[in-house]
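This structure is a prediction, so every number in the text was calculated from the model and none was measured. Atoms within a ligand are numbered from 1 in the order they appear, just like the ligands themselves. Just the heavy atoms: all of them, side chains too, but no hydrogens, waters or symmetry mates, feed the values below.
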Amino acid sequence: MTKDWNRRTKLVHEGSRRSQYGEMAEAIFLTQGFAYDSAEQAEARFIKAGEDEFIYARYGNPTTRMFEERIAAIEGTEDAFATASGMAAVNGALTSLLRAGDHVVSSRALFGSCLYILEEVLVRYGVKVTFVDGTDLDQWRAAVTPGTKAVFFESMSNPTLEIIDIAAVSEIAHAQGALVIVDNVFATPVFSRAVEQGADVIVYSTTKHIDGQGRALGGVICGTTEFIRKTVEPYMKHTGGSMSPFTAWIMLNGMVTLDLRCRAMAEGAAKIAAALEGHPKLSKVIYPGLASHPQADLAERQMGSGGTLVAFDIAAGKEAAFRFMNALEIAKISNNLGDAKTIATHPATTTHQRLPADQKEKLGITPGLIRLSVGLEDADDLIADLMQALDRA
Ligand SMILES: *Cc1c(COP(=O)(O)O)cnc(C)c1O
């Protein structure tokens, strides 16, 4: 972060680099490598590459670097490393840090692939993993011990939109010397204050709100320069999970409108949640911005917003939920989120299909549950669409 700019200015300008042509738009440096002026220069760069000195696109690239600087400035971390997908970011943050014998505590309500890394991959390499109910601070207190290397959680859970208290969990973790790694996708960088709340490392799937138009997979790990350059970078650059320059260019452009989009989507989500609450066909409407959400105060304190997703439970179950989805005219049936297009997801049969029945029940993934990622359409049009589809459910 070089200047004392506010967020909206940084989203447009931070990290920009211009070539000798002075191009207005950020250039895509679609090149795998870089030519050196001399053999001596190549040798020097392999010993230590300075700022704006690049070697190979897997190690870094000017377009990717622009994106890393822009997201780090927004998140408030010293540095960032851009990755090929959100999962490359989650895997990179955990695997670059941990070694056999280390202990990690994680919340159980995780995106399926995150659960796979913690439950299958890390364990295979001798890392001990303890799962807790992330909303229960007593469980964190009991599980985090002086030997715990890191804690991991999604700050807002998928698909039931529970909030995990970043400040409280960070306090528990730091008291035992553990690093706090937060998957902050559902909160978005716009509503994130994770650094001031104590998070050490923040991970995003940029596939979601940062792209915001469902075009490209990407991810990013944000943290201190020490963690990013000494721990993450060597692991990522040698194992092949770096972001491509073309993807970085898409994400840079997504950043320009990120604040406007997330605020408009959250405004739409709040309107939709309020309109749906109390509907006779729904047993439950979950939105962290509704006063009825059990953690409404925490959501306001942590994010200052209810976010861009709404979940609701169609009381009559799976067949009614399917009739509802099939009747939607604006909202699309898909499984991404954070897209400009509103997306309806039936978690029990898609994103969370593979979970055993008792796990689904424990996580509140009922047969009638719908997750709605609210897009940029007019909220009144979306409400009319949801209402007509509920009529036909
Ligand atoms: C989508 C998502 C990921 C994975 O990101 P990809 O870009 O699909 O690899 C990880 N965590 C959360 C919370 C997500 O929503």
Main-chain N/O of Ala331 paired with Thr342 side-chain donor or acceptor, under 3.5 Å |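 The answer is no, because no donor-acceptor pair under 3.5 Å joins these two groups.
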
When you measure from the side chain of Thr207 to the backbone N and O of Gly218, does any donor-acceptor pair fall under 3.5 Å?
->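 Side chain of Thr207 to backbone of Gly218, a donor-acceptor pair under 3.5 Å: yes, one is there.
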
Give the numbers and elements of all ligand 1 atoms closer than 4.0 Å to a heavy atom of [X].
{"X": "Phe186", "answer": "15 (O)"}
{"X": "Val185", "answer": "12 (C), 13 (C), 15 (O)"}
{"X": "Ser85", "answer": "7 (O), 9 (O)"}
{"X": "Glu154", "answer": "13 (C)"}
{"X": "Met87", "answer": "4 (C), 5 (O), 6 (P), 9 (O), 10 (C)"}
{"X": "Gly218", "answer": "7 (O)"}
{"X": "Asp183", "answer": "10 (C), 11 (N), 12 (C), 13 (C)"}

We want to know whether [X] and [Y] form a side-chain donor-acceptor pair, criterion being a heavy-atom distance below 3.5 angstrom.
{"X": "Asn158", "Y": "Arg371", "value": "yes"}
{"X": "Ser107", "Y": "Glu154", "value": "no"}
{"X": "Ser170", "Y": "Gln197", "value": "no"}
{"X": "Ser155", "Y": "Asn184", "value": "yes"}

Min side-chain heavy-atom separation Ile250-Gln213 under 4.5 Å |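 No, side chains not in contact.
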
Side chains of Phe153 and Val180: closer than 4.5 Å at any heavy-atom pair?
->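 Answer yes - side chains close enough.
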
For [atom], closest protein heavy-atom neighbour:
{"atom": "atom 8 (O) of ligand 1", "answer": "Leu217 CD2, 4.0 Å"}
{"atom": "atom 6 (P) of ligand 1", "answer": "Gly86 N, 3.4 Å"}
{"atom": "atom 1 (C) of ligand 1", "answer": "Lys208 NZ, 1.4 Å"}

Would you check if the distance from the ring center of Phe312 to the ring center of Phe324 is below 6.0 Å?
->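 Ring centres of Phe324 and Phe312 closer than 6.0 Å.
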
Judging by distance only, is a nitrogen or oxygen of Leu337 under 3.5 angstrom from one on ligand 1?
->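 No, no N or O pair falls under 3.5 Å.
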
Polar contact flag for Val90 and ligand 1 (N/O pairs, less than 3.5 Å) =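 Val90 vs ligand 1: no N/O contact under 3.5 Å.
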
Mind checking whether Ala89 has a heavy atom under 4.0 Å from ligand 1?
->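 Contact absent.
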
